[in-house]
Amino acid sequence: MPNELQGRRIAFLAADGVEKVELEQPRAAVQDAGGQVDLLSVKDGEIDARNHDLEPAGSFPVDRVVGDARVEEYDGLVLPGGTVNGDKLRLDEGAVAFVREFVQSGKPVAAICHGPWALVEADVVRDRTLTSYPSLRTDLRNAGATVVDQQVCIDGNLITSRSPKDLDAFCQAITDQFATTPAHT
């Protein structure tokens with residue numbers, strides 16, 4: 001439905017090294033459903049994107065620095081993948097705090113591929129069921145999560161997905177979950 005996310009504002013949190021398709025496709029799905037998107041990052045200006053982690057793939061303008069954003073301003077959060085992106089986010093205290101607070105708020109948080117690294121660092125995966133890119137699964141288990149191998153896993157307010165191959169299912173899941181959450185006021 002073209003307006004199912006009307007009135008909802010969704011934060012996308014990413015840094016240099018973000019996997020281009022994992023930012024572009026979910027962002028387009030949210031916008032096509034009528035949602036507003038803000039790209040948050042650990043720095044101002046632009047972030048560099050990648051294809052398959054290694055190939056330069058252009059850049060994205062940042063709307064706000066994560067340290068200036070408040071969870072109350074948003075109805076959902078998306079954490080795109082990319083190995084370098086995930087590593088940069090989990091090393092930034094402001095990004096980790098934002099992710100932790102967002103999960104604790106009960107609002108939907110979606111992470112694909114290497115995006116769950118920020119969830120691990122925020123210590124919000126214990127006793128939760130998630131999926132991710134295969135190389136993160138040991139980290140998730142060590143942080144107390146149950147790991148499954150499926151396109152999309154929804155556990156409460158956490159929505160996780162494995163890789164770009166699962167983007168269609170991931171985009172459908174996030175728009176469905178964001179649509180069921182009341183818009184912020």
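Throughout, numbering of the chain's residues begins at 1 and tracks the sequence.
Counting only heavy atoms from C-beta outward, the side chains of V18 and E22 never approach each other to under 4.5 Å. Within the 4.5 Å cutoff, side-chain heavy atoms of E101 are placed close to those of E72. Contact of the E24 side chain with the F60 side chain is registered, since non-hydrogen atoms from C-beta on lie closer than 4.5 Å. In this structure the side chain of R128 reaches within 4.5 angstrom of the side chain of V103, judged on heavy atoms.
For residues 10-41, there are no ring-ring contact (aromatic ring centres under 6.0 Å, His included) pairs, not counting sequence neighbours. Listed by first and then second residue, the ring-ring contact (aromatic ring centres under 6.0 Å, His included) pairs involving residues 99-150 are F98-F102, H114-W117, H114-Y133 (not counting sequence neighbours).
Salt bridge annotation for D38-R9: present, with a cationic side-chain nitrogen under 4.0 angstrom from a carboxylate oxygen. Ionic pairing of R162 and D149 is present here: one or more N-O contacts between side-chain nitrogen and carboxylate oxygen are shorter than 4.0 angstrom.
If you chain together ILVMFWY residues whose side-chain heavy atoms come under 4.5 Å of each other, V65 ends up in a group of its own.
A side-chain donor-acceptor contact under 3.5 Å links R8 to the backbone of F178. Checking side-chain atoms of E19 against main-chain N and O of H52 turns up a donor-acceptor pair under 3.5 Å. Within the 3.5 Å criterion, the main-chain N or O of D68 finds a donor-acceptor partner in the side chain of R64. A donor-acceptor pair is defined here as one N or O able to donate and one able to accept, closer than 3.5 Å; no such pair exists between the side chain of N3 and the backbone of Q6. Remark: side-chain polar atoms of T131 are paired, donor with acceptor, to backbone N or O of V148 under 3.5 angstrom.
Of the residues V42, V62, N85, the one that meets the side-chain contact (heavy atoms from CB on, under 4.5 Å) test with I47 is V62.
Between the side chains of T83 and D53, at least one donor-acceptor pair of N or O atoms lies under 3.5 Å.
Minimum interatomic distance between S59 and E46 (heavy atoms only, all atoms of both residues): OG-OE1, 3.0 Å.
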